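Report on the structure given below.
Fair warning: this is a prediction, and the values are worked out from it, not measured in the lab.
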Amino acid sequence: MIQQTPSHTKQLVHTSLQYVPQLIPLLVWYILFTCLKKLPNQYKAPVDTHTLPALEHFLFQSFPHRWLTPTVFLDFMAMIPYCLHPLLPFIISTHLFFRYNFTKVFQFLWCFGLLNALAVLFQFSFPTAPPWYFEIYGTAPADYSVVGHPGRLGEIDKHLGVNIWTTIYHNNPVVFGAMPSLHAAWPFLCALFYEGSFSIPVWIYVLWVWMAAIYLQHHFFLDVIAGGTAATILFVLCCRPSLFLPLFSPFIPFFSSVKHLTQKLLGSKLLSFAFSSYSDCSELCGDHLTVSGWSEQREEIGSRKQKNILQMV
């Protein structure tokens, strides 16, 4: 085993800390969710129970969650992607790690955390009732005393003689967080990041999840469209910023000056880590404003960072 010298350890810590800012959105998401779910009900926004049903009826003259006739087979088929849902971030992170490098993984985590943080903010700012509420109460006013409902997953409990899904959704801290649908956004974002020989099955899985979310009466059709749209916008902003660099390039010298001035005044190298993502961006700006140019140099920077870590181990 190679003995690490103090300089090697220092360089390893320095290189590793460059990835810390990539985890900030995940931390923000956790803090937001933890704080907002404990917010007293009198300070929460009123629940909207009529906008989404009205829009769907206007667009389709019916409601998509009623299009399929419920059967035991469809109940179990819809349950499967819901069981896999919590595993998606770990699956795609593992894929990105072995196919690319640390940079690609943290790039996904940054985008994933930002997606969830913004979704939580929207769900608490504009709470909407899901289809199961509409089926039980119609458009009657809702308050936060309403207990979460498992939708058609409750039928699974009846078939199996258990209380698993009913208990999970009764304890759901965000009963009125239908819009945007994170059940739709998570697999869509993972599919956008995925690059491999199974692209078609991956996108089929995305459609499967979307259909399940609607069929189970957890989300309106517009909820899943909003989730997919949010994932697409954040993916483009986080992973294809070359499309927007011509708009923001005039501001790059300003942020560079702020970085160097802050370091000079405070003499802290730790502050530079917060600019690591920006440093990559400024290094890439130059003449590489195309998607391919950005992607190639982004991978090159990621490879250099990964080599720095591996050399120290």
Sequence-distant partners of [X], side-chain contact (heavy atoms from CB on, under 4.5 Å), two or more places apart:
X	result
Leu27	Ile31
Ala178	Thr128, Pro130, His219, Asp223
Phe58	none
Trp203	Phe188, Ala191, Leu192, Val206

Non-neighbouring partners of Phe198 that pass ring-ring contact (aromatic ring centres under 6.0 Å, His included), sequence neighbours left out: none
All salt bridge (charged side-chain N to carboxylate O under 4.0 Å, His left out) counterparts of Asp48, not counting sequence neighbours: none
With sequence neighbours excluded, residues passing salt bridge (charged side-chain N to carboxylate O under 4.0 Å, His left out) with Arg99: none
Mind jotting down which residue pairs meet the salt bridge (Lys or Arg N to Asp or Glu O under 4.0 Å) criterion with at least one end in [range]? Sequence neighbours excluded, please.
range	value
residues 75-96	Asp75-Arg152
residues 34-45	none
residues 63-73	Arg66-Glu135
residues 172-187	none

Pair up each side-chain donor or acceptor in residues 114-124 with any protein partner under 3.5 Å, not counting sequence neighbours, and list the distances.
from: Asn116; atom 1: OD1; to: Trp186; atom 2: NE1; distance (Å): 2.9
from: Asn116; atom 1: ND2; to: Phe112; atom 2: O; distance (Å): 2.7
from: Gln123; atom 1: NE2; to: Gly177; atom 2: O; distance (Å): 3.1
from: Gln123; atom 1: NE2; to: Pro180; atom 2: O; distance (Å): 3.1

Ring centroid separation Tyr133 to His149 under 6.0 Å: no
